[in-house]
Each structure stands twice: as C-alpha cells, then as structure tokens.
Participant: 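Sharing a structure below in structure tokens format, with a few things to ask.
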Amino acid sequence: MSSRHRFDRAHTDDLMSFLAASPSPYHAVANAAARLKVAGFRQVEETAAWDASPGGKYVLRGGAIIAWYVPEGAAAHTPFRIVGAHTDSPNLRVKPLPDTGSHGWRQIAVEIYGGTLLNTWLDRDLGLAGRISLRDGTDRLVNIDRALLRVPQLAVHLDRSANTDGLKLDRQRHMQPIWGLGEVAEGDLIRFVAEEAGVDPEDVTGWDLMPHAIEPPSYLGRDRELVAGPRMDNLLSVHAATAALAAVAGRPDDELPYIPVLAAFDHEENGSQSDTGADGPLLGTVLERSVFARGGTYEDRARAFAGTVCLSSDTGHAVHPNYAERHDPTHHPVANGGPILKVNVNMRYATDGSGRAVFAAACEKAGVPWQTFVSNNSMPCGTTIGPITAARHGIRTVDIGVAILSMHSARELCGADDPYLLANALTAFLTD
C-alpha cells in the first residue's frame, strides 16, 4: 500500500510551511514561539523575576527557545521531560564587510557555517534572511525571499575534469555569491537590507545574515511519499517538538506527571559553544529558575534533575541506495520506517540501554514504528546536542531523530510520513 494512504498529511503540510517561513534560526524561534502563543504559552523575560504560576511559558534568546509547561499543583521536585533540538543549519553567512567583487561583478563576502555540502549551493537562486541590530538596542527580522544572489559554477568547458576527477571548491575563492553588476561600493548591501526592512540604514549597527535557497519544500515521488526541502536538519525536529509541546499543554494537568520542555538551541553545527548553544548554561538556568520559582531548594533541583529524561531529536542517515557500503551492514534505516534510535558506544550519541527502553515505551504508547541507526565501524560518527546535554546537566539523554538523505545539503530529503510519526512519539514521551 502506498504510504500516501497511511496518514493524514496535515502535519507534513504544516512542516513544509514552517520550513519555508524559517530561513534563519531567528525566524525559526519566532515561528515556534508564535505557535506556542496560540496554544496559551506566554513569553517570560530572563531579566524579570519569575513567579510560581502554572501554565506554558517560554524564553527567547537569539536563535534559541526554551519552552515549558507547568501543570497545576506541580511540586518543586517534579522531573522534566525534555525534547532537545537545534535551530541552525549548515549554510553561508555574510561577513562583517560584505561588499566585494571584481571584473565588473558585484559580490557578497560570505563565510562557511558548519559542515555544509558546498556544491549544493552552486547555481541556486538565493534569498537573504536573518536579523539586523539597530542603534536603539532592538533587533529586526529580515527575509528577502526572492532571487537575489547566486554562486555560479565554472562552466565545464573551463574545467574538463569536473565530471571525472570531481569538483574541487576553494571555500574562500569559489563560494562568494554574485548579486549584480557594476562597481563595488562599501555599505551597499546593508543599505539595501535596511530599505527592505523599512528602517534607516544609519540605524543599523549589526547584522546576522545568511543566504537561503528560495525554492519551496515539495512532495516528491510517484506517490508523493517523500519530501524535499531546506533545513530539515534540524527544523524538522523543532517543528515536531513544538507541535508535541502544544498538544500536551492542551491536556488535563492531572495527566502530566512531568513538566514537558522544548529546548531548541542555536550553533549545534559548529560545536554548541555559545550563550545560545547546548554547551552553554541556558537550559540549566531555565530549569533551575523554574524549580526555585515554585519555592524549591537545591535539594528539589537535584531531585528534579535526577528524574529528568531528554530526547535529543536530530536528523540521522537513511541508508543511501547508491552508497550502501558506507552504512553499517545490519542497520539500514529507511524513509517512512518511523523515527530512529541513534546509538554509539563511544558516546557520540548519548543513548544507552535504559534510554532505549524509554524511547521504545514512548513509541509503543504512540503506536509508532521505530528503527535503529549505528555507524559503520570504518566511518567516523557524527554527534549531537545529546552527549553535551547529558554531561553538562547530568540528565539522562537519548539520541533519536528522522532518517534523511542529503544531510547538510542546501536541500534535504525525508519520508513524508516520518515527521508525523516523530511528533506522535514525542507527544507520548512528554506525557508517559
């Protein structure tokens, strides 16, 4: 039976809208926050005093969001159930002095962010998005979602070995996008971005901008059983976790033995070491303040953390039909086979046997099939926020996700049913 007949595609349709509307981490957290606000959550400021009131709350900091729901009557030592994810994706980022070019071409100077597949950015129509910081201390989101930039590839006539010896790209010389013709003028790009944002260019004192592919997400395949789109690593998990948290917050409080949490961090793709990354203090600070706001002591904090479990949800590798030898011979996750449990005995993933049991129980409760991913012993294993969360906070952590192809490409591929299955498993985990 075709997978298109298995599930309602409303969740995947919504994911595609979320991906298209989130070309930067800052847009992703704003969109997640807007969805949680509809579900009754309210923003709390880190600089304000927090109270013991029940209900849904969230903190925004740059490209990170921490959201949690406190049931009525929750004790100070009530454990947390956390879904962790990250909002950033490998891409190109605009440099501090962006205006460059030569030989009559106007270009934008960019830096390579994370482990992106460079060739996937070639010959694509690119927009520009992110945030600008203003003189009054505020930030403004910017999304120029039209064909503005392009990284042109060298014609095969000038590189006859490209199809035989492989394409060789220099990160500095070959990845600078073109955005027009004429003489280079300092300040041009930021003046243009400011005008697009409706602000005075003189008020712009900082920026965090990045090109993005403007081609929208789409279903793919004869039976539309696949989805192609940008930034699935890891906005697919952010979207699923946001949906799961909103769903459990709508249930009666007596059905919630834990405090459910969404922790979506920035900067996972370059090591998580920032004030908005998983290796920073943000999550621990938010959890501790929640305990203390409810009259808790350090003892309550220790009890709560000891009973806490985190599912670190990030995309993983589906078996690639053209490169099956790169995968473990006995572990072949497939698209639409359900979420994957990610295992590495060297703790590149934080999963152990007890964590496996937690994840299996959630999937069983949700009626969701699941799979296991293990790297080929001859290949280095990637990592996630999972080991960082476990080690930094002493929280039992399990690494999971959805199996995809083309990870770290400008456009990735997943099964159309898997996002829905992941969201259901996360919902069960938050309430189990």
Side-chain angles (χ1 to χ4, degrees), residues 65-71 74-86 234 237-238 240-245 247-249 251 253 255-265 268 272 278-279 282-288 290-291 294 296 300-314 316 338-345 347-366 368 370 372-373 383-402 421-432:
I65 179 171
I66 311 292
W68 66 103
Y69 182 85
V70 180
H77 61 268
T78 300
F80 301 92
R81 278 289 174 102
I82 305 168
V83 178
H86 66 88
N234 187 33
S237 293
V238 174
T242 302
L245 182 59
V248 301
R251 297 187 177 185
D253 284 0
E255 294 182 6
L256 300 178
Y258 307 100
I259 295 174
V261 180
L262 159 66
F265 302 100
E268 189 272 348
S272 295
D279 204 19
L282 181 59
L283 175 61
T285 299
V286 168
L287 299 184
E288 289 175 349
S290 176
V291 170
R294 284 175 280 123
D300 292 312
R301 180 261 188 213
R303 292 174 66 187
F305 276 44
T308 292
V309 183
C310 173
L311 288 189
S312 165
S313 182
D314 202 345
I340 56 174
L341 180 74
K342 301 160 78 170
V343 179
N344 179 264
V345 295
M347 289 290 105
R348 298 291 285 172
Y349 302 130
T351 306
D352 62 10
S354 65
R356 173 190 173 103
V358 170
F359 179 63
C363 290
E364 182 177 353
K365 178 181 178 181
V368 168
W370 58 280
T372 305
F373 172 82
T383 191
T384 68
I385 65 166
I388 294 171
T389 302
R392 182 171 183 83
H393 305 294
I395 289 172
R396 182 163 50 144
T397 304
V398 188
D399 272 296
I400 68 161
V402 162
L421 294 172
L422 174 65
N424 283 356
L426 297 182
T427 301
F429 165 74
L430 292 175
T431 57
D432 188 12

Participant: Has R294 got a side-chain atom pairing as donor or acceptor with A75's backbone, closer than 3.5 angstrom?
Facilitator: yes
Participant: Can you confirm whether T431 sits close enough to E255 that some side-chain heavy atom of one is under 4.5 Å from a side-chain heavy atom of the other?
Facilitator: no
Participant: Could you tell me which residues satisfy side-chain hydrogen bond (donor to acceptor under 3.5 Å, both in side chains) with T427, sequence neighbours excluded, listed by chain and number?
Facilitator: none
Participant: Are any non-hydrogen side-chain atoms of E288 and F305 less than 4.5 angstrom apart?
Facilitator: yes
Participant: Using a 4.5 Å cut-off on heavy atoms from C-beta on, say whether the side chain of I385 contacts that of F265.
Facilitator: yes
Participant: Below 4.5 Å, heavy atoms only, C-beta onward: do D314 and E268 meet side chain to side chain?
Facilitator: yes
Participant: Mind checking what makes ring-ring contact (aromatic ring centres under 6.0 Å, His included) contact with F80, not counting sequence neighbours?
Facilitator: none
Participant: State the NZ-CG distance between K365 and N424, to the nearest 0.5 angstrom.
Facilitator: 11.5 Å
Participant: Any side-chain to backbone donor/acceptor pair from R356 onto L341? Under 3.5 Å, distance only.
Facilitator: no
Participant: Quick check: closest heavy atoms across V398 and G355, and the distance to 0.1 Å?
Facilitator: CG2-CA, 3.4 Å
Participant: Quick one: do the D399 and T384 side chains pair a donor with an acceptor below 3.5 Å?
Facilitator: yes
Participant: If I compare all heavy atoms of K342 with all of I400, which pair ends up nearest, and what's the gap?
Facilitator: CD-O, 3.4 Å
Participant: Might you confirm whether atom CZ of R392 has over 12 heavy atoms from other residues, nucleotides or ligands at distances under 6.0 Å?
Facilitator: yes
